[in-house]
Amino acid sequence: MAGCRGSLCCCCRWCCCCGERETRTPEELTILGETQEEEDEILPRKDYESLDYDRCINDPYLEVLETMDNKKGRRYEAVKWMVVFAIGVCTGLVGLFVDFFVRLFTQLKFGVVQTSVEECSQKGCLALSLLELLGFNLTFVFLASLLVLIEPVAAGSGIPEIKCYLNGVKVPGIVRLRTLLCKAFGVLFGVAGGLFVGKEGPMIHSGAVVGAGLPQFQSISLRKIQLNFPYFRSDRDKRDFVSAGAAAGVAAAFGAPIGGTLFSLEEGSSFWNQGLTWKVLFCSMSATFTLNFFRSGIQFGSWGSFQLPGLLNFGEFKCSDSDKKCHLWTAMDLGFFVVMGVIGGLLGATFNCLNKRLAKYRMRNVHPKPKLVRVLESLLVSLVTTVVVFVASMVLGECRQMSSSSQIGNGSFQLQVTSEDVNSSIKTFFCPNDTYNDMATLFFNPQESAILQLFHQDGTFSPITLALFFILYFLLACWTYGISVPSGLFVPSLLCGAAFGRLVASVLKSYIGLGHIYSGTFALIGAAAFLGGVVRMTISLTVILIESTNEITYGLPIMITLMVAKWTGDFFNKGIYDIHVGLRGVPLLEWETEVEMDKLRASDIMEPNLTYVYPHTRIQSLVSILRTTVHHAFPVVTENRGNEKEFMKGNQLISNNIKFKKSSILTRAGEQRKRSQSMKSYPSSELRNMCDEHAAPEEPAEKEDLLQQMLERRYTPYPNLYPDQSPSEDWTMEERFRPLTFHGLVLRSQLVTLLVRGVCYSESQSSASQPRLSYAEMAEDYPRYPDIHDLDLTLLNPRMIVDVTPYMNPSPFTVSPNTHVSQVFNLFRTMGLRHLPVVNAVGEIVGIITRHNLTHEFLQARLRQHFQTL
């Protein structure tokens, strides 16, 4: 391990010896709010808000349930099915729009430049042809970069952000209409501009935006669009529709509705059920056949024939009926496929490592500078890419013999599309008759055409050409992913991997003498291996590739290759999308925790220092809490000031048949004292004072059963008002962290809505005189509720009182302090929770758990502290 220090520091997960040793303990760093950077790792940020998949069962919601019957339930379900269908259709139309104009601009560009090259090859003016190509590419890329300046979230593929959203994290601006417009037009110009990017990845993001916005029937970007549509005004419904939209984007991109459904399931959605599966599949089918219908009609004039299922179609691999010895692959080939999977995993890990270093460099040196620098970087990448493509096509290619146009693909494969679709993209630059320039055929074509060439072209490609193409494309694609243009990674990875697979086939046929090798099959397996090594998807990617090839016999080799590529790549680093999620500091929750995390309990990871509200609180106190904290939920509690010392007298607390040992009941003060004692070296006077405090001496036990009194008091109406007492420096630990009886959870958005609408009563009145809000009024401002800082305080009487009990959730999910972390994690992730209160055996809230308390980095820090205290 010592060998990985200094310049030999690698990107492997197991090589963590780079960087200085931390000078503080993980607990000290956590309380300080600092980040512990090992190998410059970025820890999850705390300014990301979580989505709330759990329903808030408060009084307004119960009023809606009272009016609900089976007829209304069926109507609601029917509306949901219609909305899902509309999402699929709209996603298909977005794909049609992007594909039509990409094809139009690409044909225009290559038509003009190819004509110029053919004329200038004789006149010696190739520099003019290069300038024409640069003019087209730089103009398109400049327009794409300008659109990203308008909406920065539109950069990249959008898959990491949608994965975060499906995981339960609200990424600002990710599903806005303006993002969709910038994404669609930006990817159009980016692909037409010759960058090594694809339009399939951004289709997933576009579908997710359609899924999030269409059911709302309103837009922030177009404020005049405000329709009174009462349905789907919650994070729960919105997240389901985003899942459907993302699946529809995959289905439209690859013509793979089943693969799209599995993608939405595999890549993030934490909550899933049978009903959602049917809706997502229906949405994917709608997108696929909408795009298929219009593309077939526009390109072939045969409306209703459904000949083009997706934006990217590999064609159908099919043996000729005349060749009885033809096999797409044999059992002997499986060994080669496994080796290709290992190599693909290594190449993918290298790609991810280089791209991560580039992304960190951009974060430090490009993003802090003026936005124009990002545009200049995109233009620089476009300039270098264009020059490399032009020079490689003109200089590095070899003239190869052109095959007969009657057959395509290794002499025995027939493509469902016509032979002209493949042979028309062959480039003959500087080559005599009946020959073609193999490098120009790969570089001087749209990427989809180059993939078809590698899969189905009967003519051979020189191994040197394939090796040079792979190296150049690998480096340029790695450099391109992450610049300020909308860009996908699926097609560049497939093309790069296809060149790798075709190279392997050429080596096996030419130098080892394996005549049964079919180059198209190896190109497909190479594409799967490299793509799997980069993105680390298994189930959904297997089905997507099978549906794209329309050949079920490829299922086993593709699955084996993807699994081997994923396992190999995971040994070194994460997938490219997970890496970019980590670079953004998003608190993403994995599917499950590691086994050793069960050494921790809920009390070890919870936050005991709570900000809470009372059932009846003055407006002055609410405004102060909301303006001085950033929490999104607050426990609703009552204090027992007179009984807090007597409550824990003696060694046992007995009520009816319940016996509690004093030491077994966790309190907030006890937990805070334990954490403070483990940090006596922490340089904080306040914590040092806490550590040095002594527990107050216990008073003699009294005869009355105080626990029984408290348990009975929980079922009486909430106490009305509490005196306003600010914490004093002279308070003991018990005074600072008093026992709090937990009654429910109220959201920040609910409190702000109550203040904005003037829901309060005066001290001389009863709480029954407080105005009541309906469920529709509470959800009217969804998803962008008013901000407390925009509230006009002159309209509010600070002495008025707000009764929050009708609007709080009185029965949220809770856990015991002794609950193991794996149980806490599964409950939180599976139910899509936003906050998880920790309540002890006698109904006191002792802490709260949020998404940040369950991230891998936070749990690792707590586990290290746990080992240090043993």
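The basis for the numbers below is simple: all heavy atoms, side chains too, and nothing from hydrogens, waters or symmetry mates.
- Closest heavy-atom contact between T106 and V102: OG1-O, 2.6 Å.
- Distance CG/L531 to CG/L545: 6.5 Å, rounded to 0.5 Å.
- Formation of a donor-acceptor pair under 3.5 Å by the R239 side chain with backbone atoms of L166 is found in this model.
- From Q453, atom CD reaches atom CG of N445 across 6.5 Å, with rounding to the nearest 0.5 Å.
- In this structure, CD1 on I451 lies 5.0 Å from CG on L495, to the nearest 0.5 angstrom.
- Within the 4.5 Å cutoff, the side chain of F189 has no heavy atoms near those of the T139 side chain.
- Side-chain N or O atoms of H205 include one that pairs as donor or acceptor with a backbone N or O of I174 at under 3.5 Å.
- The pair K199-E448 counts as a salt bridge, with a side-chain nitrogen and a carboxylate oxygen less than 4.0 angstrom apart.
- Aromatic rings from F469 and F500 are positioned such that their centres are separated by 6.0 Å or more.
- Side-chain N or O atoms of N355 include one that pairs as donor or acceptor with a backbone N or O of C478 at under 3.5 Å.
- The side chain to side chain contact (heavy atoms under 4.5 Å, CB included) test applied to V84 returns F241, K279, F282, C283, not counting sequence neighbours.
- Of all heavy-atom pairs between A498 and F455, the closest is CB-CE2, 3.9 Å.
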- Task: Take E551 and I546, measure what side-chain contact (heavy atoms from CB on, under 4.5 Å) needs, and give me the verdict at the end.
- Result: CA-CA 6 Å; E551 183 53 64; I546 292 174; over 6 Å; no

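- With values rounded to the nearest 0.5 angstrom, T542 atom OG1 is found 4.5 Å from L562 atom CG.
- Environment of CZ in F185: sparse, with no more than 12 heavy atoms of neighbouring residues, nucleotides or ligands closer than 6.0 Å.
- The shortest distance between side-chain heavy atoms of F474 and L354 falls below 4.5 Å.
- Using cut-offs of 30° and 60° for the angle between ring planes, the F530 and F351 rings count as perpendicular.
- Under a 3.5 Å cut-off, the side chain of S493 and the backbone N or O of L489 do form a donor-acceptor pair.
- Remark: of the listed residues K356, R584, K163, R536, K163 is the sole one forming a salt bridge (charged side-chain N to carboxylate O under 4.0 Å, His left out) with D578.
- For the pair S264 (side chain) and S243 (backbone), a donor-acceptor distance under 3.5 Å is present.
- For the residue pair Y554 and T521, a side-chain donor N or O sits within less than 3.5 Å of a side-chain acceptor on the partner.
- For the pair V153/P172, no side-chain contact is recorded, criterion being any heavy-atom separation below 4.5 Å from C-beta on.
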- Task: Apply the test side-chain contact (heavy atoms from CB on, under 4.5 Å) to residues V117 and F390: give CA-CA distance (whole Å), side-chain angles for both, the deciding distance (0.1 Å), then the verdict.
- Result: CA-CA 10 Å; V117 169; F390 190 86; 4.1 Å; yes

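- The heavy-atom pair separating V534 from N352 by the smallest distance is O-ND2, 3.1 Å.
- Taking 4.0 Å as the cut-off between side-chain N and carboxylate O, K109 and E132 do not count as a salt-bridged pair.
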- Kindly determine whether L180 and V210 satisfy side-chain contact (heavy atoms from CB on, under 4.5 Å), including the steps that lead there. CA-CA 8 Å; L180 173 62; V210 172; 4.0 Å; yes

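- The ring of H580 has its center closer than 6.0 angstrom to the ring center of Y481.
- With hydrogens and angles disregarded, no donor-acceptor distance shorter than 3.5 Å links the side chain of R502 to the backbone of A523.
- Taking 4.5 Å as the limit, every side-chain heavy atom of F470 sits out of range of all side-chain heavy atoms of L503.
- The structure places OG of S145 at 6.5 Å from CD1 of I483, a figure rounded to the nearest 0.5 Å.
- Listed here is the closest heavy atom pair of V148 and A155: CG1-CB, 3.7 Å.
- Considering CG of L454 and CG of L494, their distance stands at 11.0 Å, rounded to 0.5 Å.
- In the displayed structure, F105 atom CZ is contacted under 6.0 Å by more than 12 heavy atoms of other residues, nucleotides or ligands.
- C164 and V171 get closest at one heavy-atom pair: CB-CG2, 4.0 Å.
- Residues L524 and I558 have side chains in contact (heavy-atom distance under 4.5 Å, counting atoms from C-beta outward).
- In this structure a side-chain-to-backbone donor-acceptor pair under 3.5 Å is missing from S116 to V112.
- Under the 30°/60° scheme for interplanar angles, the aromatic rings of F490 and F254 are found to stand perpendicular.
- You'll find the side chain of V187 stays beyond 4.5 Å of the side chain of M203, heavy atoms only.
- Looking only at distances, a side-chain donor or acceptor of E547 sits under 3.5 Å from a matching main-chain atom of G259.
- No side-chain donor-acceptor contact under 3.5 Å links T465 to the backbone of F461.
- Residues S382 and L195 meet the side-chain proximity criterion, which asks for heavy atoms closer than 4.5 Å.
- Dense packing is recorded around CZ of F97, with more than 12 heavy atoms of other residues, nucleotides or ligands lying under 6.0 Å away.
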- Task: Check the pair I298 / L96 against side-chain contact (heavy atoms from CB on, under 4.5 Å), numbers first and verdict last.
- Result: CA-CA 10 Å; I298 292 174; L96 177 70; 4.0 Å; yes

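- Taking the side chain as every heavy atom from C-beta outward, P257 and F289 never approach each other to under 4.5 Å.
- Pairing each heavy atom of I159 with each of I204, the nearest pair is CD1-CD1, 3.6 Å.
- Checked by atom type and distance alone, the side chain of T179 never pairs as donor or acceptor with a backbone atom of V175 at under 3.5 Å.
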